[in-house]
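Counting starts at 1 for both ligands and their atoms, following the listed order.
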Amino acid sequence: MSVKIAPSILAADFANLERDSKMINTSAADWFHIDIMDGVFVPNISFGMPVLKAIQEHATKPLDVHLMIIDPDRYIETFASLGAAVLTVHYEACHHLHRSIQKIKSCGMKAGVALNPHTPIQSLEAIINDIDLVCLMSVNPGFGGQSFIENTFEKVEQLKSLIHSKNAQCLIEIDGGVTDQNASKLISLGADVLVAGNYVFKSKDPHSTIQLLKEA
Ligand code: DX5
Ligand code: ZN
């Protein structure tokens with residue numbers, strides 16, 4: 001299976017969301033990555049439901065929604081009704097992670113769990129078989145355009161071996177600072193999905209940049 005590319009809308013031009021959504025539709029990208037931030041779990045506020053709805057009206061590819069919000073259970077049904085295909089919550093933001101995952105799945109979405117850079121892979125040991133996707137944060141969440149944290153490579157290896165030892169099925173997604181400098185190593189270690197914001201949208205030709213990552 002070839003790596004999936006999920007351009008992050010956080011780096012798009014918010015005054016031209018229709019244009020940028022169509023760019024993703026016609027590119028080699030696989031998913032739309034949508035970052036929802038609440039200004040509490042992370043020190044930034046991105047955008048909320050009305051903006052997601054506007055994107056959803058133009059997107060022809062699955063919506064990969066990354067919630068950087070506290071107590072995400074409050075909004076699981078809402079994100080299902082807005083068309084999220086994958087809903088990712090943060091390990092650090094959930095008191096009852098197992099319950100959150102079950103609720104996401106019962107609403108018909110794939111369940112993702114994101115880990116901050118400081119959170120050990122072992123934290124997922126008891127729950128890895130219930131998860132459809134693990135999002136390894138390769139920057140501290142909250143902002144696009146940050147530098148990739150090198151320790152992520154080791155975490156991908158650890159996660160890959162946890163998945164293998166438990167015979168689990170979940171995808172490994174990498175989020176933050178992904179470029180052509182780290183993509184091929186991430187893929188060779190077992191990454192299934194690469195999120196890329198600034199590297200795609202701030203490039204001269206986003207179409208070819210997406211293609212470049214796809215072939216990394
Ligand atoms: C960071 C977000 C990322 C971000 C990635 O909190 O979760 O998805 O948009 O942006 P780049 O690729 O620019 O680091
Ligand atoms: Zn994200």
Side-chain angles (χ1 to χ4, degrees), residues 3-14 17 20-21 23-24 27 29-48 51-52 55 59 61-70 72 75 79 84-93 104 109-119 131-153 155-156 171-187 191-204 206 209-210 212-214 216:
V3 70
K4 291 188 197 309
I5 307 300
S8 173
I9 290 290
L10 189 63
D13 178 353
F14 289 177
L17 280 177
D20 285 356
S21 298
M23 184 283 290
I24 296 178
S27 75
D30 298 273
W31 293 350
F32 282 64
H33 185 82
I34 314 278
D35 290 306
I36 308 284
M37 305 177 182
D38 66 355
V40 178
F41 179 66
V42 289
N44 193 14
I45 299 175
S46 55
F47 51 81
V51 174
L52 174 55
I55 296 164
K61 295 178 179 178
L63 304 178
D64 171 35
V65 179
H66 176 193
L67 299 184
M68 284 159 274
I69 66 177
I70 56 162
Y75 301 111
F79 283 105
V86 183
L87 192 66
T88 296
V89 294
H90 264 264
Y91 173 86
E92 304 83 3
I104 293 170
M109 298 174 285
K110 299 280 185 202
V113 176
L115 294 187
N116 277 340
H118 74 275
T119 304
I131 305 175
D132 297 303
L133 173 147
V134 175
C135 174
L136 290 183
M137 292 309 301
S138 37
V139 296
N140 286 294
F143 304 93
Q146 303 180 78
S147 305
F148 181 86
I149 296 172
E150 295 285 318
N151 186 55
T152 309
F153 292 126
K155 289 183 83 176
V156 180
L171 297 176
I172 300 177
E173 178 176 72
I174 311 298
D175 187 8
V178 170
T179 68
D180 61 338
Q181 299 297 302
N182 46 43
S184 54
K185 184 165 177 189
L186 289 166
I187 297 165
D192 302 293
V193 186
L194 299 179
V195 174
N198 278 258
Y199 182 64
V200 165
F201 283 101
K202 307 294 183 244
S203 70
K204 273 214 178 71
T209 306
I210 292 169
L212 197 78
L213 287 176
K214 189 86 187 164

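Listed by atom number, the atoms of ligand 1 under 4.0 Å from Met137 heavy atoms are 7 (O). Less than 4.0 angstrom separates some heavy atom of Gly145 from each of these atoms of ligand 1: 11 (P), 13 (O), 14 (O). The His66 neighbourhood of ligand 1 comprises atoms 7 (O), with distances under 4.0 Å to a heavy atom of that residue. Less than 4.0 angstrom separates some heavy atom of Met37 from each of these atoms of ligand 1: 6 (O).
Contact detail for Ile69 and Asp38: the closest heavy-atom pair is CA-OD2, 3.2 Å. When all heavy atoms of Pro7 and Ile24 are compared, the closest pair comes out as CB-CD1, 3.9 Å.
Atom NZ of Lys110 is surrounded by 12 or fewer heavy atoms from other residues, nucleotides or ligands within 6.0 Å. Within 6.0 Å of atom OH in Tyr75, 12 or fewer heavy atoms from other residues, nucleotides or ligands are found, so the atom counts as exposed in its surroundings.
Under 4.0 Å from ligand 1, not a single heavy atom of Tyr199 appears. Heavy atoms of Asn198 found under 4.0 angstrom from ligand 1 belong to the backbone as well as the side chain. Within the 4.0 Å heavy-atom criterion, both parts of Pro141, backbone and side chain, lie near ligand 1.
For the ligand labelled ligand 1, residue Gly176 lies inside the 4.0 Å heavy-atom shell. Within the 4.0 Å heavy-atom shell around ligand 1 one finds Phe143.
Nearest protein neighbour of atom 4 (C) of ligand 1, counting heavy atoms only, is Asp35 OD2, 3.7 Å. Distance from atom 8 (O) of ligand 1 to its nearest protein heavy atom, with residue and atom name: Asp175 OD1, 2.6 Å. Protein heavy atom at the shortest distance from atom 6 (O) of ligand 1 is Gly142 N, 2.8 Å. Scanning the protein for heavy atoms near atom 10 (O) of ligand 1, the closest one is Gly144 CA, 3.7 Å.
Note on ring orientation: taking the six-membered ring where Trp is involved, the planes of Phe47 and Phe14 are perpendicular (angle over 60°, cut-offs 30° and 60°).
Protein nitrogen, oxygen and sulfur atoms, that is N, O or S, within less than 2.8 Å of the Zn ion (ligand 2) amount to 4.
The shortest side-chain heavy-atom distance between Ile36 and His66 does not fall under the 4.5 Å cut-off.
Looking at ligand 1, you won't find any N or O of Asn140 less than 3.5 Å from one of its N or O atoms. Not a single N or O atom of Leu10, backbone or side chain, sits closer than 3.5 Å to an N or O atom of ligand 1. Residue Gly177 has at least one N or O atom closer than 3.5 Å to an N or O atom of ligand 1. Residue Gly197 has at least one nitrogen or oxygen atom sitting less than 3.5 Å from a nitrogen or oxygen atom of ligand 1, judged on distance alone. Residue contacts with ligand 1: His33 is placed with a nitrogen or oxygen under 3.5 Å of a nitrogen or oxygen of the ligand (distance criterion only).
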Query raised in the report: Run the side chain to side chain donor-acceptor pair (under 3.5 Å) check on Ser8 and Asp35 step by step: do they pass?
Result: CA-CA 7 Å; Ser8 173; Asp35 290 306; 2.8 Å; yes

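The distance from the CG atom of Leu194 to the CD1 atom of Ile5 is 4.5 Å, given to the nearest 0.5 Å. Rounding to the nearest 0.5 Å places CG of Asn116 at 9.5 Å from SG of Cys135.
In summary, the side chains of Ser203 and Thr209 do present a donor paired with an acceptor at a separation below 3.5 Å, with no hydrogens or angles considered.
Ion pairing between Asp30 and Lys214 holds under the 4.0 Å rule for side-chain N and carboxylate O.
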